[in-house]
Amino acid sequence: MVLVLSALLAACGKKDAAAVVKDLNEVVGEMESYQGAGVMTLHTGETPQQYKVEVWHQKPSYYRIALTNAKKDVTQIVLRNDEGVFVLTPSQNKSFRFQSDWPDNQGQVYLYETLIRSITGDTTRQFADEKESYVFDVAANYNTHALVRQKIWLNKSDYAPKQVEVSDSNANVVVDVKFDSFKFGAEFGKDAFDMQRNMTAATEEGNKAGTDAGAAPAEKTDDTAGQQPANPQATPGSEGTGGAVDGQTGVSEGTDQQGTQGAEGSEGAASGQGTEEPTVAEPQEAESFGVIQPTYAPEGVKLKDDQILEEAGDYSVLLRYEGTYNYTIFEARPQDRAVSLAPSRLVDLGFTAGMISGDALQTLTWTSDGVEYRITSADLPENEMVRIATSMQEESGK
């Protein structure tokens, strides 16, 4: 009877968790590339925030992730190629480059390998067989204490991801990703993961290049690949001012380089050679954005003071917090330049990618809506830095 029942189950296509996990290991082992697109919703503030997500991957270690704020239509790109890891903001002509083993050390909720690793690595996984999906409930592993569990829906036919829900310790959904499309074996053009091509392609056709399913930027046949972005003169801000604030900028001396174009100047900035004299356009009056304060502070911490720094037409803000932890928040509109941070690693903030640099004195740096932020502290834990940064998203200056 047992043999007959097993045969019937096999004939009906029923699989248990162990069988699916075995298949998933095979899928990842044989996978050469994939391309996915969908919508990510963050439930971290008073109102949900939505972002369009595009994910490209090609073996051995090429990645391109584009996060677009659905409300503000601003795109940031995380790129990994043979030259390193880049965080690009094409509309502001801004790029960061640093050496990192991302995403091997810390993946994101929209990366297929990260999801499968969570499933196969959790021996206490829960499994459900729904009509068109296999559903796993497993531990979340995103290097933050705020995310505890996640439910992952996989398509029965090819194990492509359909939806992911990540919850906190109170079972509240914090991050929700719904995939509109996902294709294994996607083909990309030879320069699809090229930094300069991504800087220029994202500004062409109103930031719409490469967003069609199956179309990589490199597959466009126009002649603009070598041109500069459409917005070569982003609003300049205060970089020098940031360096004057008690040295707590998080950027090592000699790592900043200014150039006429972010995409063009990033190679020199990233190498740290600094052998060429940069050409800088005449500074313009920096636009005031008020004082942007986080809505979250760790218990026992209060705002000590805030200062508006205006020097030579530059506008920037310094917030100082004290108590259980002591830290500063620096805000400025950066000049049109490319920057390479001294040894740093990528941190997932959900709405964008941040960079942690420093040892005894650590700095979390990120950009949002044209403003560059830096949280610097000698005693503030990384997960608290991330919570503070997340609480500042969508906040307006006062």
Side-chain angles (χ1 to χ4, degrees), residues 1-40 53-65 80 101-143 147-167 171 173 175-188 192-193 213-214 216 348:
M1 291 180 64
V2 172
L3 292 175
V4 171
L5 181 59
S6 299
L8 289 174
L9 290 175
C12 294
K14 294 288 185 178
K15 290 187 176 182
D16 60 10
V20 175
V21 168
K22 180 181 178 182
D23 289 347
L24 291 175
N25 282 322
E26 293 178 357
V27 169
V28 172
E30 298 173 0
M31 184 174 64
E32 294 294 328
S33 65
Y34 64 79
Q35 178 178 7
V39 176
M40 177 177 66
V53 179
E54 259 192 326
V55 184
W56 300 349
H57 168 57
Q58 179 176 294
K59 279 192 173 182
S61 57
Y62 294 165
Y63 289 89
R64 179 189 183 274
I65 298 170
R80 177 176 176 176
D101 57 358
W102 175 89
D104 298 334
N105 60 340
Q106 181 188 7
Q108 273 67 34
V109 64
Y110 34 74
L111 292 181
Y112 188 73
E113 302 92 318
T114 301
L115 298 178
I116 304 308
R117 192 182 305 127
S118 299
I119 293 173
T120 59
D122 188 352
T123 57
T124 62
R125 68 182 81 90
Q126 299 177 28
F127 174 76
D129 186 337
E130 295 185 353
K131 185 176 181 180
E132 298 179 352
S133 306
Y134 293 121
V135 185
F136 285 92
D137 188 328
V138 296
N141 184 22
Y142 295 109
N143 199 29
L147 304 178
V148 178
R149 302 289 299 179
Q150 60 182 341
K151 290 184 68 175
I152 303 169
W153 284 259
L154 301 176
N155 194 316
K156 280 188 176 181
S157 62
D158 59 358
Y159 297 117
K162 298 174 64 176
Q163 184 178 352
V164 185
E165 288 183 352
V166 190
S167 305
V173 175
V175 183
D176 174 37
V177 178
K178 290 183 174 67
F179 288 91
D180 300 322
S181 63
F182 196 93
K183 177 184 178 182
F184 292 107
E187 295 183 2
F188 303 104
F193 300 92
D348 182 22

Validation row: [X], [Y] side chains within 4.5 angstrom (heavy atoms):
X    : Y    : answer
D122 : N141 : no
R117 : V28  : no
V175 : Q108 : no

Interatomic distance, CD1@I65 vs CD@E54, rounded to 0.5 Å, equals 11.0 Å
task = Mind checking the CD1-CG spacing from I116 to L111? Nearest 0.5 Å is all I need.
result =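 That separation rounds to 11.5 Å.
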Using side chain to side chain contact (heavy atoms under 4.5 Å, CB included) as the criterion, list what pairs up with [X], not counting sequence neighbours.
X    : answer
S61  : R80
A128 : V135
V27  : Y112, Y159, F184
V39  : T41, Q50, D180

Nearest heavy atoms of [X] and [Y], plus distance in Å:
X    : Y    : result
R149 : A139 : NH1-N, 3.5 Å
I119 : V138 : CA-CG1, 4.1 Å
S33  : A186 : OG-O, 2.6 Å
A140 : V166 : CB-CG1, 4.1 Å

Identify each donor-acceptor pair in which a side-chain atom of residues 151-158 lies under 3.5 Å from a protein atom, sequence neighbours left out, and give them as a table.
{"from": "N155", "atom 1": "OD1", "to": "S157", "atom 2": "N", "distance (Å)": "2.9"}
{"from": "N155", "atom 1": "OD1", "to": "S157", "atom 2": "OG", "distance (Å)": "2.8"}
{"from": "K156", "atom 1": "NZ", "to": "D129", "atom 2": "OD1", "distance (Å)": "2.5"}
{"from": "K156", "atom 1": "NZ", "to": "E130", "atom 2": "O", "distance (Å)": "2.7"}
{"from": "K156", "atom 1": "NZ", "to": "K131", "atom 2": "O", "distance (Å)": "3.4"}
{"from": "D158", "atom 1": "OD1", "to": "A160", "atom 2": "N", "distance (Å)": "3.1"}

Residues two or more places apart in sequence or in another chain: which of them pass side chain to side chain donor-acceptor pair (under 3.5 Å) with [X]?
X    : value
Q126 : none
R125 : none
S133 : K162
S167 : none

Practice prompt. Apply the side chain to side chain donor-acceptor pair (under 3.5 Å) test between H57 and each candidate in E113, Q35, R64; give the one that qualifies.
Written response: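 One option only clears the test, and that one is E113.
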* **Within residues 20-37 or reaching into it, pairs that qualify as salt bridge (charged side-chain N to carboxylate O under 4.0 Å, His left out) - sequence neighbours excluded** =>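 Residue pairs with at least one partner in residues 20-37: K15-D23.
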- Task: Applying ring pair (Phe, Tyr, Trp, His ring centres under 6.0 Å), name anything that partners F179, two or more places apart in sequence or on another chain.
- Result: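 Partners of F179 by the ring pair (Phe, Tyr, Trp, His ring centres under 6.0 Å) criterion, ordered by chain and then number, come out as F182.
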When L147, T114, V177 are each screened for side chain to side chain contact (heavy atoms under 4.5 Å, CB included) with V109, the one that passes is V177
Between F127 and F136, how do the two ring planes meet: parallel, tilted or perpendicular, split at 30° and 60°? tilted
Given the options F188, F193, Y34, W102, Y63 meets ring-ring contact (aromatic ring centres under 6.0 Å, His included) only with W102
